[in-house]
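Every chain is numbered from 1 and lettered A, B, ... according to where its sequence line falls, protein lines coming before strand lines.
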Protein chains: 2
Amino acid sequence: MGVTKTELFTDEQTRLADLAKAFAHPARVAILQMLAQKKACVCGDLVDELPLAQATVSQHLKELKRIGIIRGDIDPPRVCYCINEPVWNEARHAFGDLLDSLISTSCC
Amino acid sequence: MGVTKTELFTDEQTRLADLAKAFAHPARVAILQMLAQKKACVCGDLVDELPLAQATVSQHLKELKRIGIIRGDIDPPRVCYCINEPVWNEARHAFGDLLDSLISTSCC
DNA sequence: CTTATTTATCGTATTATTGCGATCAATTTT
DNA sequence: AAAATTGATCGCAATAATACGATAAATAAG
């Protein structure tokens, strides 16, 4: 399908799934790693570091912006990308809360 | 495309992306939440709790098993699912390391 | 042995994602 | 003004993911 029935889940579940998508592709992981460590900021630098075409990198950046985890500040003709800290922290807490919630269990 | 060029990224980046996929769908988030919060394993209860067909739930479980984050212990004719703690902790550390690595930055 | 129960898998349809060349838009440089 | 630079967007192609009905497989129950 591809028809994700988001309306059938809680907002929290849907949001966490969306945040996870930011990390669900190696190229986006690489971008987020670079931005978190301030190795790059300008779009062109990201393109140089990644083994992907400029159009493809731009699409990944667009997706990360949609999720909100990065910002893009225009500094013509460049665009400077950086981590959007509030959303970064939202992800940190959302993943942390779930991953720390495991009730240790030797199952079955 | 859909052709993810995994060979062009580091193993670490590819693995984190794969772990993120476990959380990148609301249904899988719901499954993981249920398993993490139960001391006992859950079997067919998952299908009852989710607004999805049995075949669809089974596919999500298969994907989670592929990633390794859950185990399925056969107890015929049932299968008892639970969190696979080593991989769960791998995810906890992988996300934690990255999300805690942010060099606070008002960029640009 | 037959039937019921439970889960996996197959086949299929549909939508989403990924990728890139080409082009556009905005701005800077010459 | 013309050319160069930078990044976004369009259009297309191909693969991946999502969903479900139908069916298979395995075992328990009768």
Side-chain angles (χ1 to χ4, degrees), chain A residues 1-9 13-14 17-31 34-35 40-67 70-82 108, chain B residues 1-9 13-14 17-31 34-35 41-67 70-82 107-108:
Chain A
M1 291 219 166
V3 170
T4 300
K5 304 182 158 183
T6 55
E7 73 281 359
L8 301 175
F9 299 94
Q13 288 163 343
T14 302
D18 223 34
L19 288 169
K21 281 181 194 163
F23 298 89
H25 189 286
R28 293 199 290 271
V29 170
I31 290 170
M34 283 190 265
L35 295 182
C41 167
V42 174
C43 176
D45 298 341
L46 294 168
V47 174
D48 294 340
E49 297 292 329
L50 294 170
L52 296 170
Q54 181 265 326
T56 305
V57 174
S58 191
Q59 262 187 307
H60 282 302
L61 291 169
K62 185 181 182 181
E63 175 67 1
L64 291 172
K65 266 197 292 187
R66 181 191 65 76
I67 295 165
I70 67 171
R71 291 190 299 128
D73 297 321
I74 297 174
D75 174 27
R78 289 159 228 272
V79 178
C80 177
Y81 288 99
C82 58
C108 302
Chain B
M1 283 224 176
V3 171
T4 299
K5 302 181 157 184
T6 55
E7 72 282 359
L8 301 174
F9 298 94
Q13 287 163 344
T14 302
D18 223 35
L19 288 169
K21 281 181 195 164
F23 299 88
H25 190 285
R28 292 198 292 270
V29 170
I31 291 170
M34 283 190 265
L35 294 183
C41 305
V42 179
C43 309
D45 306 346
L46 290 169
V47 174
D48 297 335
E49 297 292 329
L50 294 170
L52 296 170
Q54 181 266 328
T56 305
V57 174
S58 190
Q59 262 187 308
H60 281 301
L61 291 168
K62 185 180 181 182
E63 174 67 3
L64 292 172
K65 268 195 291 188
R66 182 192 65 76
I67 294 165
I70 67 170
R71 290 191 298 130
D73 297 320
I74 296 175
D75 175 27
R78 289 160 229 273
V79 178
C80 176
Y81 288 101
C82 58
C107 149
C108 303

* Asked: Does any N or O donor sit under 3.5 Å from an N or O acceptor when you compare the side chain of A:Gln54 with the base of D:dA8?
  -> yes

The residue, A:Leu61 or B:His60, whose nearest nucleotide of DNA chain D is more 5′ is A:Leu61

Rounded to whole Å, CG of B:Asp73 lies from P of C:dT6 at a distance of 18 Å

task: On the 0 to 90° scale, with breaks at 30° and 60°, tag the A:His25-A:His60 ring pair as parallel, tilted or perpendicular.
output: tilted

query: Under 3.5 Å, is there an N or O donor on one side and an acceptor on the other linking the side chain of B:Glu63 and the base of D:dA17?
result: no

Whole-Å distance, A:Ile67 CD1 to C:dA16 C1', equals 13 Å

The residue, B:Thr56 or A:Lys62, whose nearest nucleotide of DNA chain D is more 5′ is A:Lys62

Against the side chain of B:Ala55, the closest entry in C:dC20, D:dA22, D:dG7 is D:dA22

So CG of A:Leu52 and CG of A:Leu46: to nearest 0.5 Å the spacing works out to 11.5 Å

Between CG of B:Leu50 and C1' of C:dT7 the distance, given in whole Å, is 15 Å

Separation of C:dA16 atom C1' from A:Arg66 atom CZ, nearest Å, is 11 Å

note: B:Ile74, atom CD1; D:dA25, atom P; distance rounded to Å ~ 15 Å

Taken to the nearest 0.5 Å, the spacing of B:Thr56 OG1 from B:Gln54 CD works out to 8.5 Å

query = Phosphate oxygens OP1/OP2 of D:dA19: is one of them under 4.0 Å from a side-chain N or O of B:His25?
reply = yes

A:Arg78 CZ to D:dT6 P, in whole Å, measures 5 Å

If only atom types and distance count, is the side chain of A:Arg78 paired as donor or acceptor with the main-chain N or O of A:Gly44 below 3.5 Å? no

Here the distance between atom P of D:dA16 and atom CG of B:Asp18, to the nearest Å, is 13 Å

Check your understanding: Counting just side-chain N and O atoms, does B:Lys65 come under 4.0 Å of either OP1 or OP2 of C:dA8?
Key -> yes

Whole-Å distance, B:Tyr81 OH to C:dA8 P, equals 3 Å

**Side-chain heavy-atom pair B:Met34, B:Leu50 within 4.5 angstrom cut-off** = yes

Q.
Using a 4.0 Å heavy-atom cut-off, does B:Ala53 contact any base of the nucleic acid, only the sugar-phosphate backbone, or nothing at all?
A. sugar-phosphate

Can you find a donor-acceptor N/O pair under 3.5 angstrom joining the side chain of B:Gln59 to the base of C:dC10? no

Picking from D:dA8, D:dG21, C:dA8, the nucleotide nearest the side-chain atoms of B:Ser58 would be C:dA8

